[in-house]
Amino acid sequence: MRQDGVWMRAEVAPYAAAPLLPAPSASPELRTTADTISNGRVTLRFGSSGDVTSMIDADGGEHAGRGLNRLVLHRDPYQFPWDAWDIGPGYLRRTPDVLVPRTIESGVDGPTVWRRQVFRWGRGEVEQRIVLEAGDDLVRVETRVDWRESHRMLRAEFRPAHYGDQARCEIQFGHLLRPTTERDEVERAQFEICAHKWLAVQDAEAGFAVLNDGTYGHRAKAGLLSLNLLRAPTFPDPTADRGEHRFTYAFRAFAPGDTGLTGVIADGYRLNNPLRIAEGVAFDSAVASSDPGVVVETVKPAESGEGVVVRLYEGLGQARTTALSVGIPHSRATFTDLLERPLGPADLRHLELGPFEIVTIHLECS
C-alpha cells in the first residue's frame, strides 16, 4: 500500500495489526511491453480492443480463452413498470458496441506493474488501470467512469479457457450454484444472476473467478461471464447513475478444487476489506481458523455488553473441522444462536461445521 507517496508493506495475520515497513524498491519480475504486463506469476497480453487475449500463469497454463475484460455497451430498453430494477432478455439478441481504447500507457510503480487504458465515446469515458502486484495471482481493474448515457448498459465480458456447467455465486456466509447451461425454460430464465464478492467457474483442469467490490449483476451462460458495471434507467429517477463512478473489480485463475477456491474467498475479502492504516500498536491475531475453508466473518462486542462474539462459517459447502486460536482473554466459550442466546459450551480446539453452517461463539470475560 502507498502512504504519503511511499510504497509500504505489512504482513498482517487475520484480525491483527502489524507495522508498516518500506516495500522493496525494485521487483525485477515486474515487466511491461507495448502489449503485455507481467509480475512473473501472471502474464497478460492485450488485444486491439483493450481486452486480455492471453493470460498465462507461472506454470505456462493459458486462461484467457476467447478474451477477458472486453468492455461493451448494450442497449437497455425501458422495462415497464420497474425500469431501474428489471433487465429484459432482449438485449442479448442485439450485438453490443465494443469499446476501443483511445489512450494506452503502461509502467512499473513500486511493487506493481500497470496498464492504463482510456475508452471514449460520444457520451462518456472509461478509464481503467489493470494492475498486477508482485507475487500475486489477482488482476485488479481499477475503474473510473464518466457516465452520461440513457437506457444503455456497460458490461465487462470474460470468456475464460476453463468453464463448467455450474457457476459458484458468492453470497453472505457461502455460495450458490447456478447452471451455466440453457437446457430448459428455467435455465434460460436465469439470464441474469447475482453474486456478491465473486463468481467462479471451473473444469477438471483449472478455474476462473471474477471478483468485485460492489457490482453484483452477472451473466454466466454458454462460456461467458459478464459483469454488469452500469445501467442508465429513467424510472423512478430519470437521472439514475449519471455522473462519475469509481469502483474496482478483479479476476484470477485458480487451481480446481477446495484449495483454489479458498484463495478466491480470501481475495474476495481482501478486495472488499483492504488493510487500514491507523496509529496504534502491533498485536497478534485476535481470532484465526486452522482450516482456510472455515472463515471467521465477524468479531464484535457481545450484545449483552459482556465479552466478545465471534461468528464463523463453512465456506466450501462441505462438512469440516477446525480449531480456533483466540488471542482475546476469556474465561469461557459458549455456542449461541444468531441472537446470541446461549446454547452450550464450545471447545475451541475442535469445532465441527456442516456445509455452509454458521457458528456463533460468545467469549465470556471473567
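Since the model is a prediction, treat every value here as computed from it, not as a measurement.
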Quick one: do Arg9 and Glu11 make a salt bridge, cutoff under 4.0 Å? yes
Assign the ring pair Phe208 / Phe158 to parallel, tilted or perpendicular, where the plane angle (0 to 90°) is split at 30° and 60°. tilted
Is any side-chain N of the basic residue among Arg159 and Glu157 closer than 4.0 Å to the acidic one's carboxylate O? yes
Is any side-chain N of the basic residue among Asp146 and Arg144 closer than 4.0 Å to the acidic one's carboxylate O? no
Using a strict 4.0 Å threshold on nitrogen-to-oxygen distance, state whether Lys221 and Glu182 make a salt bridge. no
More than 12 heavy atoms from other groups under 6.0 Å of CG on Asp284: no
Out of curiosity, Leu99 CG to Glu125 CD, how far, rounded to the nearest 0.5 Å? 11.5 Å
Check whether the side chains of Gln318 and Asp258 place a donor and an acceptor atom closer than 3.5 Å, and report yes or no. yes
Take Phe356 and His175 through the ring pair (Phe, Tyr, Trp, His ring centres under 6.0 Å) test and state the conclusion after the steps. CA-CA 8 Å; Phe356 298 131; His175 63 263; 4.9 Å; yes
Is there a donor-acceptor pair closer than 3.5 Å between any side-chain N or O of Arg320 and the backbone N or O of Leu353? no
Measure from the side-chain N and O atoms of Asn39 to the backbone N and O of Glu133, and report whether any donor-acceptor pair falls under 3.5 Å. yes
Is the CZ atom of Arg188 crowded by more than 12 outside heavy atoms at less than 6.0 Å? yes
Parallel, tilted or perpendicular: which one describes the rings of Trp82 and Trp85, with boundaries at 30° and 60°? perpendicular
Can you sort out the partners of Asp137 under side chain to side chain donor-acceptor pair (under 3.5 Å), two or more places apart, ordered by chain and number? Arg41
Check against side-chain contact (heavy atoms from CB on, under 4.5 Å), Asn228 and Ile87: CA-CA 11 Å; Asn228 193 343; Ile87 298 175; 3.4 Å; yes
What I'd like to find out is whether the side chain of Gln3 reaches to under 4.5 Å of the side chain of Leu20, using heavy atoms alone. yes
Under the salt bridge (charged side-chain N to carboxylate O under 4.0 Å, His left out) test against Arg152, which residue among Asp97, Asp241, Asp76 passes? Asp97
By the side chain to side chain donor-acceptor pair (under 3.5 Å) test, which pairs, at least two apart or in different chains, include something from residues 304-317? Tyr269-Tyr313, Arg311-Thr360
Are any of the side-chain nitrogens in Glu170 or Lys197 under 4.0 Å away from the carboxylate oxygens of its partner? yes
Does Arg155 pair with Glu192 as a salt bridge, N-O distance under 4.0 Å? yes
Side chain to side chain contact (heavy atoms under 4.5 Å, CB included) filter on Gln202, not counting sequence neighbours, yields Arg168, Phe254, Pro256
What's the verdict on side-chain contact (heavy atoms from CB on, under 4.5 Å) for Arg2 and Val6, showing C-alpha distance, side-chain angles and the deciding distance? CA-CA 5 Å; Arg2 194 194 296 270; Val6 179; 5.8 Å; no
